[in-house]
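Since the structure comes first, as structure tokens, the remarks are kept for the end.
Numbers restart at 1 for each chain; the letters A, B, ... are given by sequence-line order, proteins then strands. Not measured: the values here are computed from a predicted model. Side-chain atoms are counted along with the backbone in the values below, which use heavy atoms only and exclude waters and symmetry mates.
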Amino acid sequence: MEYLEGLNEPQREAVLHGEGPLMIIAGAGSGKTRVLTYRIAHLIYHGVDPFRIMALTFTNKAADEMRKRIETVVGTEARNVWMGTFHSVFARILRIEATKIGYTSQFSIYDTDDSKSLIRSILKELNLDDKVYRVNNVLHRISSAKNNLISADAYAANTEFRADDEASRVPEMGRIYKTYQDRLRKSNAMDFDDLLFNTNVLFRDHLDVLNKYQQKFHYVFVDEFQDTNISQYLITKKIASVYQNICVVGDDAQSIYAFRGANIQNILNFQRDFPDATVVKLEQNYRSTQNIVNAANSVIARNKSQLQKNVWTANETGNKIEMVRAASDNEEGSIVANAIFEEKMLHQRTNGEFAILYRTNAQSRAFEEALRKRNIKYRLVGGVSFYQRKEIKDLIGYLRFTINQNDEEAFKRIINLPKRGIGDTTVARMVVAATENNLTLWEVVNNPKHFLGDRLSAPIENFTILIKSFHATSVIKDAYETAAQVAKASGLLKELHEDKTVEGLARYENVQELLNAIKEYVDNPQNEDKSLSAFLQSVSLLTSADDDKDDKSEKVTLMTIHSAKGLEFKHVFIVGMEEDLFPSQMMLSSMADLEEERRLFYVAITRAEHKLTLSYAETRYRFGRLQSCEPSRFLKEIDPAYIKNATGSFEQERNTSFVKNLTTRKAPPLALNGHAPSANFVPSDTSALAAGMKVEHPKFGFGVVKAVDFSTPDKKAKIQFEQVGEKTLLLSFAKLMIH
DNA sequence: GACTCAAGTCTTTTT
DNA sequence: GACTTGAGTC
């Protein structure tokens, strides 16, 4: 058993632990994945049937990685482990048992965009102001209700929620939740949270089904246990309750998904629910240098709520942490790109050894530009992923509707695509007709004369004929052949092909790319079910971190800290270390939120193996305006002993080693009429503009102010633009620059 | 209903 | 900066 060699004592104990519940508290870089994979491999090696092992992770990537590693120890048998994300494993179970809870196995999975769009239509139908009922807020509320296993009915009946909603001036929340749920059911669709919620319902109401899975899975593994929510924990607890062989691995210091319902309490509850659980702590860090480990510890020590843990390392002391102050976000980009260039030259590093981590996806731009300028290849993880693109969602929409003709969101997406002369008004009429007559959407669509009159019948009938032919194909052909037919016969490909613009070409290629991906899926011998619905299932649960195909060794990685969890890099740059950005201002409404942001910082620091650089910009564009920024409070929380050249406090650091990277900030522009504007922008105060002034508009270029209209509520100016000729435009001030 | 342009709005993290 | 909304026109 050579795989046991090189393990330290607690690691070995965790791998060799026999029957019974086990909780592994694994510090950052302590070889958690290694222990988990070896433990599973060890079980299989000793005769446990892989079919009887369930292993749950948060990303498909983590699952694939683990499966591969197990395979290297025990061979292809590893493929039979039920391994995947919570959502994908439970979706698999729900497909099998769908009819027991009133769905068919062809149910659609709504992504966040679908959910939001559905909420938007419901708000409209219920005549509710979407300025009061913010879509994001509504969705978040429904989501947390589901994650805490509160059904729509329970929500409406609960006096506490009602009082809460009344107080926040959103008394109709319960009704929205109920309508939303009805519509999902009618569409034979589940959102992400439903996959967990409905699994709970299934196991609660059908003990025979629960029993089946309890008997099936002798061993249950949960990775990233600190990020599970109540709903997830309850399911795993139930499944494991017969054999009691549940193994959870987590690190409370790395819990960063409370906003999604993750509950650190689960770690404490575990010991309550399984009183005879063995607890193993992995505290030796193998990843990072002493300076990095110690710096991370000095930060996380400020959090009040945490488990006792002592993460240490036997690695070398290593480089001290560098701090960089930049004058602007663009300069921050240049400095980081230059540093990467220099490091590569001096220390023979490859691009793949660098990562740039930021708090929000929007921050990537400056770094992309700077890297591109220096011909340094990079890969962007997250952001607008392939499967989020419009043309991809369009084709997927067609495919979804081919499988499930009650999928309302897919219907809305494709009914007028390519243009059939069926606008939003008509769609809304059909949805209302379905709701009022208690029919499915498909039934309405199949009877257009009755519900819409003659004029609209012809195009709709053509549409239903098309869908029926697609459906017939999907029954006998595989996913690829069906998708190819749909792309062609729907007219999607043709429309994109005729678009000769650069973007049009790219979109056409993207659709081809999707077809290639489907072909790949069909050709892959590991996928037994080659039907369209099987493919859709696999695609709907992809995460943004999953679709990077290109090999990463040659590229610098750019991503949010959230998606960096579980990864490691030789040299890490944590950028945008500014107050209000990180910690995020939006996030900070309580002490608990600050602690979560701090854990996020901890996660970021502990990604670094050998070198860590922190940077912030003094000015940055936000809300379309240049703003000045303060360094993040987190910078001052690192023990200065681990910071390069720091003689005492971070404040002193600013005046010494920072100097090399400091460029003087441009002098602020002259004050206009006694007003000090931010950058060159006109303040929203009308008195700053006067007739005869030369101004620049981002779109129209230079122009001369003819008159200023003080009476309009949005403070507009009549401006004559040189490029537009004599035409005078009425524009608001916000985008004007004065010269 | 489709299209265009300008103004307005909103910025977190993700299965 | 990116995206949505609204008004105006055909």
Side-chain angles (χ1 to χ4, degrees), chain A residues 56-63 84-91 109-112 115-116 120 130-131 134-136 139-140 143 146-147 190-196 224 227-229 231-232 255-262 329 357-366 381-385 388 390 416 419-427 455-456 459 540-546 559-565 576 580-588 593 596-597 599-600 603-604 620-626 697-700 712-716 724 729-735:
Chain A
L56 302 167
T57 63
F58 271 82
T59 63
N60 295 296
K61 211 176 177 179
T85 62
F86 282 92
H87 291 81
S88 70
V89 169
F90 297 149
I109 298 172
Y110 275 12
D111 66 14
T112 311
S115 297
K116 283 185 188 169
R120 254 179 234 114
D130 61 2
K131 297 244 157 44
R134 323 284 306 187
V135 173
N136 281 324
L139 189 59
H140 182 246
S143 173
K146 285 183 186 174
N147 286 331
M190 300 191 198
D191 67 13
F192 287 139
D193 303 314
D194 283 336
L195 295 174
L196 308 174
E224 307 280 12
D227 287 330
T228 52
N229 59 39
S231 186
Q232 290 163 323
S255 167
I256 55 175
Y257 283 108
F259 71 90
R260 198 168 82 186
D329 45 359
L357 308 182
Y358 35 77
R359 177 70 234 267
T360 70
N361 278 308
Q363 287 166 255
S364 69
R365 203 206 84 256
V381 180
V384 181
S385 76
Q388 305 267 73
K390 181 184 177 299
N416 204 24
K419 301 261 180 305
R420 294 183 177 84
I422 300 163
D424 295 347
T425 329
T426 314
V427 172
R455 191 177 66 80
L456 290 162
S540 55
L541 294 171
L542 282 183
T543 65
S544 54
D546 289 325
M559 62 181 150
T560 62
I561 301 169
H562 280 89
S563 34
K565 175 119 85 107
D580 291 353
L581 189 60
F582 189 26
S584 157
Q585 185 185 29
M586 315 204 59
M587 189 74 198
L588 294 190
D593 294 332
E596 170 143 329
E597 292 282 301
R599 288 193 294 269
L600 199 54
V603 168
R620 172 182 302 279
Y621 274 97
R622 283 171 92 188
F623 301 94
R625 286 181 181 265
L626 196 60
H697 188 274
K699 210 157 186 176
F700 296 103
T712 59
D714 41 357
K715 296 172 185 172
K716 293 194 175 177
V724 191
L729 298 167
L730 194 65
L731 298 172
S732 77
F733 295 166
K735 295 203 167 165

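Distance check, rounded to the nearest 0.5 Å: OG of A:S115 to CG of A:D191 gives 4.5 Å. Within the model, atoms CD of A:E597 and CZ of A:R359 stand 4.0 Å from one another, a figure rounded to the nearest 0.5 Å.
A:H87 places no side-chain N or O within 3.5 Å of a backbone atom of A:L195 that could act as its donor or acceptor partner.
A straight line from NZ of A:K565 to C1' of B:dT15 spans 12 Å, rounded to a whole angstrom. A:D194 has its CG atom 13 Å from the C1' atom of B:dT15, to the nearest Å. The distance between atom CD of A:Q363 and atom C1' of C:dG1, rounded to the nearest whole Å, is 13 Å. Going from atom CE of A:M559 over to atom P of B:dT14 covers 11 Å, rounded to whole Å. Between the CG atom of A:L581 and the P atom of B:dT13 there is a distance of 10 Å, rounded to whole Å. For the pair A:D193 CG and B:dT14 P, the computed distance is 16 Å after rounding to whole Å. Put simply, NZ on A:K116 is 12 Å from C1' on C:dC3, counting in whole angstrom units. Counting to the nearest Å, the P atom of C:dA2 and the CG atom of A:N361 are 13 Å from each other.
Between A:K116 and A:N136 the shortest side-chain heavy-atom distance falls below 4.5 Å.
With B:dT13, B:dA2, B:dT15 as the choices, the nucleotide that has an atom nearest any side-chain atom of A:R359 turns out to be B:dT13. Of the candidates B:dT14, B:dT12, C:dG1, B:dT14 carries the atom nearest the A:F259 side chain, counting heavy atoms from C-beta on. In this structure, the nucleotide among B:dC3, B:dT15, C:dG1 sitting nearest to the side chain of A:K419 is B:dC3. With distances taken from any side-chain atom of A:T426 to the nucleotides B:dT14, B:dT12, B:dG1, the minimum falls on B:dG1.
Listed pair A:T425 / B:dG1 meets the phosphate criterion, a side-chain N or O lying under 4.0 Å from OP1 or OP2. Contact check, A:T560 against B:dT14: a side-chain N or O comes under 4.0 Å of OP1 or OP2. Proximity of A:N229 to the phosphate of B:dT15: no side-chain N or O atom is located under 4.0 Å from OP1 or OP2.
Take the nearest nucleotide of DNA chain B for A:R134 and for A:A362: the residue whose nucleotide is more 5' is A:R134.
When A:N361, A:L600, A:L357, A:T360 are each tested for a side-chain contact (heavy atoms from CB on, under 4.5 Å) with A:H562, only one passes: A:L600.
Nucleic acid contact for A:T112: base, since at least one base atom lies under 4.0 Å from a heavy atom of the residue. Contacts of A:Y257 with the nucleic acid, taken as non-hydrogen atoms under 4.0 Å apart, involve only primed sugar atoms and P, OP1 or OP2. Within 4.0 Å (heavy atoms only), A:N416 reaches sugar-phosphate atoms of the nucleic acid but no base atom.
Looking at A:R260, its side chain has no donor and acceptor atom pair within 3.5 Å of the base of B:dT13.
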